[in-house]
Amino acid sequence: MDHDDERRPAPEEAAAPVTAPLPVVPPARAYSLRELAARTGAGVPLVRELVSYGLIREQGGAFDDHALEITRAALALTAHGLEPRHLRPFKAAADRELGLVEQAVAPLASRRDPASRARAAERAQEISGLCLTIHTSLVRSEIAALQERAGLEG
């Protein structure tokens, strides 16, 4: 099919969000390194390894709820033979996605008025939600194809 023949959405269609924006997260709870390890069952060495690979970060001597979620998931992945060093591509992908979001909202974020900055924050939430939808759908599509191939070969 020629690209000129493809239907392009009307501006109002293109602007409609495919998914809900990410919810605004309330202030996170703070955990010490030992508390994070204890609450997740990960152990201090795993938490330190996650920090060393940039997967979680300590801010002001504490970890937040995001670190808690990441640590729990990383611990579960170790049961499948995936260690923190294998998870570095997730951090790299997240950094690239954040770069796209920052680029998209930069014109609004650079304005001095609070209303523009608030709109930039809202758009950043929406754009990040859409990026996550694409990422999740791509992974699910490939898993479905993998399962289909396994079913055909088995």
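Note that the numbering runs from 1 along the sequence shown for the chain. Only this structure's heavy atoms are used, side chains among them; waters, hydrogens and symmetry mates stay out.
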Novice: If you count the non-hydrogen atoms of other residues, nucleotides and ligands that lie under 6.0 Å from CD in Gln103, is the total more than 12?
Specialist: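 Check fails, neighbour count at 12 or below.
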
Novice: What's the spacing between Ile70 CD1 and His66 NE2 if we round to 0.5 Å?
Specialist: 8.0 Å

Novice: Where the side chain of Thr78 meets the backbone of Leu75, is there a donor-acceptor pair that is under 3.5 Å apart?
Specialist: yes

Novice: Under the criterion side-chain contact (heavy atoms from CB on, under 4.5 Å), I'd like the reasoning laid out for Arg85 against Tyr53: C-alpha separation, chi angles, the key distance, then a yes or no.
Specialist: CA-CA 7 Å; Arg85 64 189 167 91; Tyr53 286 115; 3.4 Å; yes

Novice: Tell me the closest heavy-atom pair linking Ala67 and Ile56, and the distance in Å.
Specialist: CA-CG2, 3.7 Å

Novice: May I ask you to decide if Glu83's main-chain N or O and His86's side chain share a donor-acceptor pair within less than 3.5 Å?
Specialist: yes

Novice: May I ask you to say whether Arg117 pairs ionically with Asp113, meaning some side-chain N is under 4.0 Å from a carboxylate O?
Specialist: no

Novice: Taking a hydrophobic cluster as the set of Ile, Leu, Val, Met, Phe, Trp and Tyr residues connected by side-chain heavy atoms closer than 4.5 Å, whether directly or through intermediates, do Leu50 and Phe90 fall within one such cluster?
Specialist: yes

Novice: Ignoring hydrogens and geometry beyond distance, is a side-chain donor-acceptor pair present between Asp65 and Tyr31 at under 3.5 Å?
Specialist: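 Per modelled atom types, Asp65 and Tyr31 side chains form a pair under 3.5 Å.
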
Novice: Locate the shortest heavy-atom distance separating Glu97 from Cys131; write the atom from each residue and the value.
Specialist: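 Smallest interatomic distance, heavy atoms only, reads OE1-CB, 4.2 Å.
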
Novice: Under 4.5 Å between any side-chain heavy atoms of Leu146 and Arg149, yes or no?
Specialist: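 Side-chain contact under 4.5 Å: yes.
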
Novice: Would a hydrophobic clustering, with Ile, Leu, Val, Met, Phe, Trp and Tyr connected at side-chain separations under 4.5 Å, put Leu46 with Leu77?
Specialist: yes

Novice: Do you know the tightest heavy-atom contact between Leu108 and Ala120?
Specialist: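 Result for this residue pair: CB-CB, 3.7 Å.
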
Novice: Provide the closest heavy-atom pair for Gln125 versus Ser128 in the form atom of the first, atom of the second, distance.
Specialist: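 Between these two residues, the closest heavy atoms are O-OG, 2.9 Å.
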
Novice: Are Leu55 and Leu98 in one and the same hydrophobic cluster, where Ile, Leu, Val, Met, Phe, Trp and Tyr link if side-chain heavy atoms are under 4.5 Å apart?
Specialist: no

Novice: Within the structure provided, determine whether Arg96 and Leu100 are in side-chain contact (heavy-atom separation under 4.5 Å).
Specialist: no

Novice: Taking all non-hydrogen atoms of both residues into account, name the closest pair between Leu36 and Leu68 and its distance.
Specialist: CD1-CA, 3.5 Å

Novice: Please collect all salt bridge (charged side-chain N to carboxylate O under 4.0 Å, His left out) contacts where either partner lies in residues 31-50, sequence neighbours excluded, each pair once.
Specialist: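 The answer is Arg29-Glu35.
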
Novice: Do Phe63 and Val51 come within less than 4.5 Å of each other through their side chains, counting heavy atoms only?
Specialist: yes

Novice: What are the two closest non-hydrogen atoms of Ala124 and Val105, and how far apart are they?
Specialist: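 For Ala124 and Val105, the tightest heavy-atom pair comes out as N-CG1, 3.7 Å.
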
